[in-house]
Every structure is written in C-alpha cells, then in structure tokens.
Asks: 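Got a structure here, written out as structure tokens. Questions coming.
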Amino acid sequence: MKEFFMTEALKEAKKAFELGEIPIGAVIVKDEEIIARGHNLREITKDPTAHAEIMAIRRASEALGGWRLTNCDLYVTIEPCPMCAGAIMMSRISRLFIGSMDPKGGAAGSLYNIVNDDRLNHKAEIIYDVLSNECSSIMKEFFKKLRKK
C-alpha cells in the first residue's frame, strides 16, 4: 500500500512541476483512504508557507473538522523542511512516509530530526525511501530544466 500512496503523492509533485513549482507532492491517509492532497504552490500564491505538506495538512484538518491528525499518515515525495516537520509534529500525524531525503534542507533525519525529537511533545514514526528513485528523479528533471533556461 505504501507504494500506491507514494505514487499518489508523485502525481501531486507532477502537478507542481507543470506549474513551474518545485515538484513536491503530499497526500494524507486515514483508514487507508486519501483524505487530503497537496503540492507546492509558493510561486503562484506568493506564500512562503505553501509547501505540499502544509497544503495537505490544511485540507486534512478541514476534512476532519479539527487540527489533530492522529491516526493519519503523511506521504511526501521529498523529506520535509523544518517548517513542515514542525507542522507534522504540531498536527499529531502518526506516521511519515518519505520518498527521497533532502541532505541540504531536510528536517526528518538529514540535517535535523524535528519529527522524532524527544524534547518535543509528539513524535511520528518515519518510513524512509518509499519509491526513492522516482521521487528524486522528478526533482533532478525539474532542476535540470530550470538550469537550461
């Protein structure tokens, strides 16, 4: 199932790619059903918080009628940044599935591990490298295309 849900997150990343946004996608799953989707929209919205994870968390909170996303899983194509890792922790997401790591800005194991910091009041289980090649490939393709411009 994890590959199926990460494939859905990749579909969101492709939407971002087509819009000229950094191609990161996310889906939130509860009881084996997708309840929210998101992809990067920073450039279009002119909003620095419009990351895929934040968009999905906002939509999941609306769908469930509250901010606590306990018993929800977040699938994201690229390791979350510090802001998104904080939002994951604050929203009480239970499990985080990561496609590919971000050694330059990741906060779920690369530079920091906000999602599993014992000093904070919530920790999420992290499952790494779900469709890693596919998730990193779309990023490489995006930046290769950007450099050509």
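By convention here, the first residue in the shown sequence is residue 1.
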Asks: Closest approach of Ala107 and Ala85, non-hydrogen atoms and distance?
Replies: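 In this case the closest contact between Ala107 and Ala85 is O-CB, 3.5 Å.
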Asks: With the 4.5 Å side-chain cut-off for hydrophobic clustering, are Phe4 and Leu96 part of the same group?
Replies: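 Yes; tracing contacts between hydrophobic side chains, which count when under 4.5 Å, links both residues.
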Asks: Give, for atom CD1 of Ile138 and atom CZ of Phe17, the distance between the pair rounded to the nearest 0.5 Å.
Replies: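 Between Ile138 CD1 and Phe17 CZ, I get 6.5 Å after rounding to 0.5 Å.
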Asks: State which residues pass salt bridge (Lys or Arg N to Asp or Glu O under 4.0 Å) with Lys123; sequence neighbours excluded, sorted by chain then number.
Replies: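 Testing Lys123 for salt bridge (Lys or Arg N to Asp or Glu O under 4.0 Å), a comparison that skips the adjacent residues, returns Asp118.
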Asks: Can a side-chain donor-acceptor contact be found between Arg58 and Ser91 if the only test is distance below 3.5 angstrom?
Replies: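 No - no donor-acceptor pair under 3.5 Å links their side chains.
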Asks: Given side chains that start at C-beta, do those of Arg59 and Met55 come closer than 4.5 Å, heavy atoms only?
Replies: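 When only atoms from C-beta onward are counted, Met55 and Arg59 do touch, with a gap below 4.5 Å.
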Asks: Indicate every side-chain donor-acceptor pair of residues 62-70 with a distance under 3.5 Å to a residue at least two apart or in another chain.
Replies:
none

Asks: With sequence neighbours left out, what residues match Glu125 under side-chain contact (heavy atoms from CB on, under 4.5 Å)?
Replies: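 With sequence neighbours excluded, Glu125 shows a side-chain contact (heavy atoms from CB on, under 4.5 Å) to Arg95, Ile127, given in chain and number order.
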Asks: Drop me the distance from Glu18's CD to His39's NE2, to the nearest 0.5 angstrom.
Replies: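 It comes to 9.0 Å.
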Asks: In Å and rounded to the nearest 0.5 Å, what is the CG to CD1 distance from Asn71 to Ile93?
Replies: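 It comes to 11.5 Å.
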Asks: Dump the intermediate steps for side chain to side chain contact (heavy atoms under 4.5 Å, CB included) on Asp73 and Phe97, then the final yes or no.
Replies: CA-CA 7 Å; Asp73 298 334; Phe97 293 80; 3.9 Å; yes
Asks: I'd like to check the salt bridge (Lys or Arg N to Asp or Glu O under 4.0 Å) partners of Asp117; sequence neighbours left out, ordered by chain and number.
Replies: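 For Asp117 the salt bridge (Lys or Arg N to Asp or Glu O under 4.0 Å) partners, ignoring immediate neighbours, are Arg119.
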Asks: For the residue pair Ala36 and Ala60, what are the closest heavy atoms and their distance?
Replies: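 Looking at all heavy atoms of both residues, the closest pair is CB-N, 3.4 Å.
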Asks: Counting distance only, does the side-chain N/O of Asp102 pair as donor-acceptor with the main-chain N or O of Gly105 below 3.5 Å?
Replies: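 Checking the backbone N and O of Gly105 against the side chain of Asp102, a donor-acceptor pair under 3.5 Å is found.
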Asks: For residues Ile98 and Ser100, report the shortest heavy-atom separation together with the two atoms involved.
Replies: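 Ile98 and Ser100 have their closest heavy atoms at CG2-O, 3.4 Å.
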Asks: Going hydrophobic residue to hydrophobic residue with side-chain gaps under 4.5 angstrom, can you get from Leu120 over to Ile88?
Replies: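 They do not share one cluster, since no chain of ILVMFWY contacts under 4.5 Å joins Leu120 to Ile88.
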Asks: Taking side chain as C-beta onward, heavy atoms only, is Asn116 less than 4.5 Å from Ile126?
Replies: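 Yes, at least one pair of side-chain atoms sits under 4.5 Å.
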Asks: Step through the shown structure and confirm whether more than 12 heavy atoms of other residues, nucleotides or ligands are within 6.0 Å of CE on Met101.
Replies: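 More than 12 heavy atoms, drawn from other residues, nucleotides or ligands, come within 6.0 Å of this atom.
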Asks: Indicate the atoms forming the closest heavy-atom contact of Glu79 with Tyr112, along with that distance.
Replies: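 Heavy-atom minimum between the residues: OE2-O, 4.4 Å.
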Asks: Using a strict cut-off of less than 4.0 Å between a Lys/Arg side-chain nitrogen and an Asp/Glu carboxylate oxygen, indicate whether Glu8 and Lys11 qualify as a salt bridge.
Replies: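 Answer for the salt bridge query: yes.
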Asks: Flag yes if Ile78 and Leu41 sit in one hydrophobic cluster, no otherwise; membership is Ile, Leu, Val, Met, Phe, Trp, Tyr, and two members link when side-chain heavy atoms are under 4.5 Å apart.
Replies: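 Looking at the clustering, Leu41 is in a separate group from Ile78.
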Asks: Decide whether Ile57 and Met6 are clustered together by the hydrophobic rule: side chain heavy atoms of Ile, Leu, Val, Met, Phe, Trp, Tyr closer than 4.5 Å, transitively.
Replies: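 Yes, Ile57 connects to Met6 through the hydrophobic network.
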Asks: So do Met89 and Val115 actually touch side chain to side chain, heavy atoms under 4.5 Å?
Replies: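 Val115 vs Met89: side chains apart.
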Asks: As an exercise, state the distance from OG of Ser136 to CG of Leu131, rounded to the nearest 0.5 Å.
Replies: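 Spacing of OG (Ser136) from CG (Leu131) equals 10.5 Å.
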Asks: Without placing hydrogens or testing angles, list every side-chain donor-acceptor pair under 3.5 Å for residues 19-35, not counting sequence neighbours.
Replies:
| unit_1 | atom_1 | unit_2 | atom_2 | d |
| --- | --- | --- | --- | --- |
| Glu21 | OE1 | Arg42 | N | 3.1 |
| Glu21 | OE1 | Glu43 | N | 3.1 |
| Glu21 | OE2 | Glu43 | N | 2.9 |
| Glu21 | OE2 | Ile44 | N | 2.8 |

Asks: Write down the atom of Cys84, the atom of Glu53, and the distance for their closest heavy-atom approach.
Replies: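 Closest pair (atom of Cys84, atom of Glu53, distance): SG-OE1, 3.4 Å.
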Asks: Using every non-hydrogen atom in the two residues, find where Ala52 and Asn40 come nearest and quote the distance to one decimal.
Replies: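 Ala52 and Asn40 have their closest heavy atoms at N-OD1, 2.8 Å.
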Asks: Members other than Ile54 in its cluster, when Ile, Leu, Val, Met, Phe, Trp, Tyr link by side-chain heavy atoms under 4.5 Å?
Replies: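 Other cluster members: Met83.
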Asks: What distance do Ser132 atom OG and Glu134 atom CD have between them, rounded to the nearest 0.5 Å?
Replies: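 CD of Glu134 is found 8.0 Å from OG of Ser132.
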Asks: Above 12 or not: heavy atoms from other molecules or residues under 6.0 Å from CZ of Phe142?
Replies: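 More than 12 heavy atoms, drawn from other residues, nucleotides or ligands, come within 6.0 Å of this atom.
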Asks: Working to the nearest 0.5 angstrom, can you tell me the gap between Lys144 NZ and Ser137 OG?
Replies: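 It is 11.0 Å, given to the nearest 0.5 Å.
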